[in-house]
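We count ligands from 1, going down the list as the structure has it; atoms in each ligand are counted the same way. Every heavy atom of this structure was used, including side-chain atoms; hydrogens, water molecules and symmetry mates were not.
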Amino acid sequence: MYIYVLIFLLTFILYWYIDRRKSFRVLEDYGYRVPPVNLLFGNLLQLVQDDLGTMERWMEEYGEEIGEKGGKIMGWYRGPSPAIWTTSPEFLKEVFIKDAETFIDRPMLDRSDNIPHLINMKGMTWKRARSTLAPTFSAAKMKKMSGIMGTTVDTMIDILRSKIEKAEIIDFNEVYQRLTLDTIGQCALAMNVNCQRDPEDRFLKMVRAALDRQIDTTVIISSCFPAVEKIIAWIFSRRGRKRTNQVIIEKCREVLKARRANPPNPPPVDALQLCMDAAGTDGKLSEDEIVAHEFIFILAGYETTAAALNFTTYLLAKHPEIQSKLQQEIDRKFSKDMKVNYDNVTELEYLDMVLSESMRVYPPIPLHIGRWASQERTICGKTIPQGAGVLAATWILHHHPGFWKDPWKFDPERFSTENRDKIVEMTYMPFGDGPRNCIGRRFALMEAKMALVEVFRQFTVSVCESTPNPLPVRNKGLTLAVVGDKLHLRAKRRD
Ligand code: HEM
């Protein structure tokens, strides 16, 4: 009996070994240079330890020149799945824009995640949901939502004032995370989150836990052993990240049910109501879909916007001359009691330049912007195998000396009206690109601009003894973060 079990096991291991070795030949067969792989993890383990640094080193060592505009391309394996990183603008344009039909889906980190939201959705299902939801983020809707944002920004300013009165050094990382969760909580869920004032807020803790775990052990195991990903998903369905996600989803469902049971009159202008309106009565969006979209708006919209605010404030603190120029623009536009809103913030040209440049130096999503090849395609003479993920190496792209002169210099002038046209297309993509770019871009820009206007209208921010120099950063889950999750700066009132 034992002998049969042993033979079965050995045959299984042999079969697995041969199959795995075959998977690891795909990219080489298509002519890509790939770092040495580990039989179990492919190249994933090195990346989990330090993805930004590893990506830079690998691109230097294994990247090959491609296209006429500059940029490189290389292969790597996420578990046994082939993936391609590139900094070639022509290549990226073909994948993200020109041939977007072939590259309509994302190469998902967790393929067993079956929550039906925009980031996960595939093919026609995604197209349908995206076109239903797009009007929720139109300029007209943003104007209406800017009232909610004004209130959350006012709360942040009150908190900052009281910290300044106590001569506290301010952790802007904390301040901005609380602001953005409060805002998205109110705009997406009509929830009075109160996490700006309540340090023990449960919702903040839950969302933080969910985001900290987006790339957890289950994602790594499932990526490395796709054959058992469904079993792993089932085993962990009530634990860790899946459990935290489920709690947030249930919270979203409760809010939707309450809104349906007691529809407010007049209906509020928040993303929940807009999704419900968009869903209509003809079932364009099911209840599960509305809930899933609310969930993803919270996860996608909270830490990313906080990161953009964090890094912009840091850069302005480090560059007092740029901060002062921004304050002059704000002072010219805003009289003492004038409120910020969608229209007046969008008119601030220098603010837009500052924020754009800050997201170039510190892109809030530095790595995971990609598409999945539904068919084999040849671009710039290089063939992408069917089933491979193609990712923009955003971190390298944004600091590429061939595309950006003196790339580590914070220079908002790169985005002035005269200079903007000189930027090589597809070398700047903080919000991704093409039909599947960030749907919340307008929302995020409005929120970030409203917050920055109020902060720099009221205060002058500077670095202090506990501000790290240089600023150590890491890719935390999917978002760029300051190592240690603290950004200590000093602020003083301007009046
Ligand atoms: C500064 C803040 C933000 C940054 C830097 C950012 C960045 C991104 C990026 C890079 C993508 C992938 C795009 C692609 O694959 O081409 C994305 C997708 C997405 N973002 Fe954002 N985002 C931000 C804020 C927001 C906000 C506030 C929301 C919601 C209210 C949001 C919701 C989404 C959704 C739903 C997707 C998936 C879109 C789709 O597949 O159709 N994001 N975002």
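When hydrogens are left out, the protein atom nearest atom 42 (N) of ligand 1 is C438 SG, 3.1 Å; that is the closest non-hydrogen contact. Of the protein's heavy atoms, P430 O, 3.5 Å lies nearest to atom 7 (C) of ligand 1. Shortest contact from atom 23 (C) of ligand 1 to any protein heavy atom: T304 OG1, 3.5 Å.
A side-chain donor-acceptor contact under 3.5 Å links N173 and N310. Between the side chains of T102 and S374, no donor N or O sits under 3.5 Å from an acceptor N or O.
More than 12 heavy atoms of other residues, nucleotides or ligands lie within 6.0 Å of CD in E376, so this atom counts as buried by the packing criterion. Atom CD of E349 has 12 or fewer heavy atoms from other residues, nucleotides or ligands within 6.0 Å.
For the pair T313/L452, a side-chain contact is recorded, criterion being any heavy-atom separation below 4.5 Å from C-beta on.
The atoms of ligand 1 that sit less than 4.0 Å from any heavy atom of P364 are 5 (C). Atom numbering of ligand 1 starts at 1 in the shown order; those under 4.0 Å from a heavy atom of F443 are 27 (C). Atoms of ligand 1 lying under 4.0 Å from at least one heavy atom of G432, given by number and element, are 10 (C), 13 (C), 14 (C), 16 (O). Under a 4.0 Å criterion applied to the non-hydrogen atoms of A444, ligand 1 contributes the atoms 1 (C), 2 (C), 24 (C). Close contacts between ligand 1 and I439 involve ligand atoms 34 (C), 35 (C) [criterion: under 4.0 Å to a heavy atom]. Residue D433 approaches ligand 1 through these ligand atoms, each under 4.0 Å from one of its heavy atoms: 16 (O). Of all atoms in ligand 1, numbered sequentially from 1 with element shown, those under 4.0 Å from a heavy atom of I369 are 10 (C), 14 (C), 15 (O), 16 (O). Near A300, the atoms of ligand 1 lying under 4.0 angstrom from a non-hydrogen atom of the residue are 24 (C), 25 (C), 31 (C), 32 (C), 33 (C), 42 (N).
Residue contact annotation: L133 has no non-hydrogen atom under 4.0 Å from ligand 1. At least one heavy atom of F137 sits closer than 4.0 Å to an atom of ligand 1. At least one heavy atom of R106 sits under 4.0 Å from some atom of ligand 1. Note on ligand 1: R371 sits in its first shell, one or more heavy atoms being nearer than 4.0 Å.
F297 and H293 have parallel rings, their planes meeting at less than 30° on a 0 to 90° scale where 60° marks the start of perpendicular. Between Y314 and Y362, the angle of the ring planes goes over 60°, which puts this pair in the perpendicular group of the 30/60° scheme. Classification of the W404-Y428 ring pair by plane angle, with boundaries at 30° and 60°, yields perpendicular.
Residue W126 places at least one N or O, backbone or side chain, under 3.5 Å from an N or O of ligand 1.
Across I119, L118, I184, heavy-atom proximity to atom 36 (C) of ligand 1 is greatest for I119. Of all the listed residues (Y302, F431, F96), F431 holds the heavy atom that lies closest to atom 4 (C) of ligand 1. Remark: among candidates G434, A308, G301, the nearest residue to atom 26 (C) of ligand 1 is G301, based on non-hydrogen atoms.
The two residues M74 and G63 come nearest to each other via the heavy atoms CB-CA, 4.0 Å.
Only side-chain heavy atoms of I365 come within less than 4.0 Å of ligand 1; its backbone N, CA, C and O stay farther off. Under 4.0 Å from ligand 1, the heavy atoms of R130 that appear belong solely to its side chain.
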- Message: Quick one, T183 with E447, criterion side chain to side chain donor-acceptor pair (under 3.5 Å). Give me CA distance, side-chain angles, the key distance, then yes/no.
- Response: CA-CA 8 Å; T183 310; E447 180 182 8; 3.0 Å; yes
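The salt bridge (Lys or Arg N to Asp or Glu O under 4.0 Å) test with D343 is passed by exactly one of K449, K143, K333: K143.
Checking side-chain atoms of N344 against main-chain N and O of K339 turns up a donor-acceptor pair under 3.5 Å.
Rounding to the nearest 0.5 angstrom, the gap separating the CG atom in N341 from the CE atom in M142 is 14.0 Å.
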